[in-house]
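Before any comments, here is the structure.
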2 protein chains.
Amino acid sequence: MSPDQHFAAAADLSAHTRLPASPRLPANPAVAIVGATGAVGVELLACLEDRGFPLSSLRLLASPRSAGKTAVFRDRTLAIEALGENSFAGIDLALFSAGSGISRQYAPIAAAAGAVVVDNSSAFRMDDAVPLVVPEVNQAASEGHRGIIANPNCVAIIAAVPLWPLHRLSPIARVIASTYQAASGAGAAAMEELRASTAAYLEGRHYANTVLAHPYAFNLFSHDTAVDPATGSNGEEAKVMQELRKIMALPDLRVGITCVRVPVLRAHSIAMTVEFERPVGLDEVRAALSAAPGVRLVDDVAGNHFPMPREASGQGDVLVGRIRHDASDPSGRSVMLFVAGDQLLKGAALNAVQIAERLLP
Amino acid sequence: MSPDQHFAAAADLSAHTRLPASPRLPANPAVAIVGATGAVGVELLACLEDRGFPLSSLRLLASPRSAGKTAVFRDRTLAIEALGENSFAGIDLALFSAGSGISRQYAPIAAAAGAVVVDNSSAFRMDDAVPLVVPEVNQAASEGHRGIIANPNCVAIIAAVPLWPLHRLSPIARVIASTYQAASGAGAAAMEELRASTAAYLEGRHYANTVLAHPYAFNLFSHDTAVDPATGSNGEEAKVMQELRKIMALPDLRVGITCVRVPVLRAHSIAMTVEFERPVGLDEVRAALSAAPGVRLVDDVAGNHFPMPREASGQGDVLVGRIRHDASDPSGRSVMLFVAGDQLLKGAALNAVQIAERLLP
């Protein structure tokens, strides 16, 4: 960003919607991570390093509580700074993952200061002026951004990656899904609560859960977001429904979903029935998925080897298997799938970095 | 059973289908448990004790490996005997839970010896001459038994208990389900593998799984039964589909299901979309479920408290909650539910004992 651009942007801190459309990144952007010490923040740092992101500088921002801590990036020790209104001077790319409140307050400031914000929170996802992007699906939507690009909900991303090539194969009318969501979606503290409460259970010790609302050791429960009495959907389910429609640009896509937290550390799984508008063959479904970016078929019927969180963790693909017709729909229009993807990577940090990579010259 | 009856039955060991229809039990039956040391066997013993089953004597049978061990019933120590062809002399009720092979071999012998067999294995479930019974649904089917009554698959039982009152409210056309199945369904050794592999994981030790095909600690996987390449369904899914149709006497009920093993110890959960033939109101759904035997509503929207394996474990009801219309079906005919039931109790031992209780005079 030129100093002139910086000045123009900084002149109106709330003006992110008025910035010129589609600013791209310079070849070697100055990058900031907001929420650098969180579960996703740590993965953002790792993704930038692992993927050789061509940044010129990296600023790590977090709450004042974390200021003074350090993190290592490319063998250099970086100090973590407290986030403030002046944190974004000279920043070209700001990767936010510190919750909706922080994003609402600081993402417009960062955008106004000239940064492109890729925001992992739900703050701006359904804002008409903000693209909601899964690069394999709708990277082109990024082109219209006005300073902020939203990274979708983790379930929406992991579902969209296989749903999009299927929709391109043959239009999808309806999706019915049940999720098996990992602790990581509730943050590093929830992952630790799963570990600690499970250890206590195994040792016969009492454990008082403080992060999640229900005991987690060898237990599962409906997603902890509030249920809307009017619809019966919880917040997570509502996000997935509306975000899938926006990402896939299918405002009439019908989605029914049950979101469940299971005692798994960091990869989400989803059982889906995908109802197409016309009957589809399994061979064409498999071919479409095989050719799809970001999808890896794990569908070894003879070996009874299908997508599992353990194998989805620590890698970037969405694993897809158990591909079959839904026996409850004799029309042949409904196909069942079981998918798994790393919630912290493709469901969050990796998707954000992939969005940014595609804005590089 | 009189000596004459015993003699007549023993004369033809394979004649269980030729016994007089509907023998009921005497007021104080002599009872045998086959598989007394297994996960379900232990619960059978506990159910008989807890429910004050009016037995006159109890014989505990198991493999020769377990012979000589003991178990306590009503403060008396009972020796466990090796199962043999002569184990059923004088037995009125034989509760089998030692796998399909043992049931195929010994259940006809027990029936021919005059016992009523309640068989927890899948050996006879789809035999037209064998009733498949969930007492809350089709206890009357027991009346037609010819010596063997089959106890259904655990998922089929836990699903049928809430589906039946819904079907009586308004005919059901289709069920789409995803399961969250506990270790107990694979036996006591699988429960121990979950505990031991999780402890190893938490301590950073390697654990080589020997009971289940995949690592279980903080992981989940498609049910370990073989997938039929022709249908894409695994063995568990096929059982649930066909058993639900038989239990509910709905040969045309369309069922699509994905069966998944999750790292939970002993209660199964199921996310279901129930499609009725006509639109239904949620109030009538709730009223039907509230009044249904064996169902307990756990549907506290304000408190975000819904069925969980932890609360389903160790008790006999099927917990039902997350009752809402499926947002993907604008017709109002589809209702979503989340249910949980103890796999070892209502999914196995308790259901078997309940079947037997209803055969008492």
Side-chain angles (χ1 to χ4, degrees), chain A residues 174-178 180 182-183 194-195 198-199 202 213-215 217-222 224-227 229 231-234 237 241 254-258 260 262-265 269 271 273 275 282 301-302 304-310 321-330 334 336 338, chain B residues 174-178 180 182-183 194-195 198-199 202 213-215 217-222 224-227 229 231-234 237 241 254-258 260 262-265 269 271 273 275 282 301-302 304-310 321-330 334 336 338:
Chain A
R174 181 187 187 191
V175 177
I176 298 171
S178 305
Y180 303 71
L194 175 56
R195 286 192 201 91
T198 303
L202 289 168
H214 302 292
F218 303 114
N219 194 29
L220 57 81
F221 42 87
S222 182
D224 37 301
T225 42
V227 171
T231 63
S233 296
N234 62 37
E237 292 159 357
M241 293 180 200
R254 292 180 284 127
V255 183
I257 184 165
T258 301
V260 178
V262 297
V264 162
L265 284 163
S269 305
T273 281
E275 185 185 305
L282 297 182
V301 166
N304 212 310
H305 188 160
F306 302 106
M308 293 188 283
R310 277 280 195 109
R322 293 302 318 277
I323 300 166
R324 64 209 193 271
H325 279 112
D326 179 339
S328 71
D329 181 358
S334 296
M336 282 182 153
F338 194 72
Chain B
R174 183 187 187 189
V175 176
I176 298 171
S178 306
Y180 302 71
L194 175 56
R195 285 192 201 91
T198 302
L202 290 168
H214 301 291
F218 303 113
N219 195 29
L220 55 82
F221 41 88
S222 182
D224 38 301
T225 42
V227 171
T231 63
S233 295
N234 63 37
E237 291 158 358
M241 292 180 202
R254 293 181 282 127
V255 182
I257 183 165
T258 301
V260 177
V262 296
V264 161
L265 284 164
S269 305
T273 281
E275 185 185 306
L282 297 182
V301 166
N304 212 310
H305 188 162
F306 303 107
M308 294 189 282
R310 275 281 195 105
R322 292 303 318 275
I323 300 167
R324 65 213 193 267
H325 279 113
D326 180 339
S328 72
D329 180 356
S334 296
M336 283 182 153
F338 194 74

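Letters go in sequence order (proteins before strands), and every chain restarts at 1. These figures come from a predicted structure and were not determined experimentally.
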Considering all heavy atoms, the nearest B:Pro330-A:Arg254 contact: CD-CD, 3.6 Å

Heavy-atom closest contact (A:Ser328 atom, B:Arg174 atom, distance): OG-NE, 2.7 Å

A:Pro263 side chain reached by A:Asn219 side chain, heavy atoms, under 4.5 Å: no

Under 4.5 Å from any heavy atom of chain A - which part of B:Ile257: backbone

Under 4.5 Å from any heavy atom of chain A - which part of B:Met308: both

Proximal component of A:Val262, with respect to chain B [non-hydrogen, under 4.5 Å]: side chain

Side chain, backbone, both or neither of B:Arg310 within contact of chain A (heavy atoms, under 4.5 Å): both

Heavy-atom contact with chain B under 4.5 Å, split by part of A:Ala213: neither

Side chain, backbone, both or neither of A:Ser269 within contact of chain B (heavy atoms, under 4.5 Å): side chain

Heavy-atom pairs under 4.5 Å with chain A, option from B:Ala183, B:Pro229, B:Ala327, B:Ser334 with the top count: B:Ala327

Proximal component of A:Ile176, with respect to chain B [non-hydrogen, under 4.5 Å]: side chain

Side-chain heavy-atom pair B:Ser178, A:Phe338 within 4.5 angstrom cut-off: no

Choice from B:Ser222, B:Ala271, B:Ala177 maximising heavy atom contacts with chain A below 4.5 Å: B:Ser222

Part of A:Thr231 lying under 4.5 Å from any heavy atom of chain B: backbone

B:Leu220 portion near chain A, given a 4.5 angstrom heavy-atom threshold: both

Side chain, backbone, both or neither of A:Leu265 within contact of chain B (heavy atoms, under 4.5 Å): both

Contacting region of A:Phe221 [heavy-atom separation from chain B under 4.5 Å]: both

Between A:Met241, A:Arg322, A:Met336, the one whose heavy-atom pairs under 4.5 Å with chain B are most numerous: A:Arg322

Heavy-atom pair count under 4.5 Å with chain A, highest-scoring of B:Asn304, B:Val227, B:Ile323, B:Thr258: B:Asn304

Mutual orientation of the aromatic rings belonging to B:His305 and A:His214 [parallel < 30°, tilted 30-60°, perpendicular > 60°]: tilted

Segment of A:Ala217 engaging chain B (4.5 angstrom heavy-atom cut-off): both

Leading residue by heavy atom contact count with chain B [cutoff under 4.5 Å; candidates A:Arg195, A:His325, A:Glu275, A:Glu237]: A:Glu237

Pairs of heavy atoms under 4.5 Å with chain B: top-ranked of A:Val260, A:Val301, A:Thr273: A:Val260

Which atoms of B:Asp326 approach chain A - backbone, side chain, both or neither, heavy atom under 4.5 Å: side chain

Contact class of B:Asp224 relative to chain A, heavy atoms under 4.5 angstrom: backbone

Interface moiety of B:Ala182 toward chain A, non-hydrogen atoms closer than 4.5 Å: neither

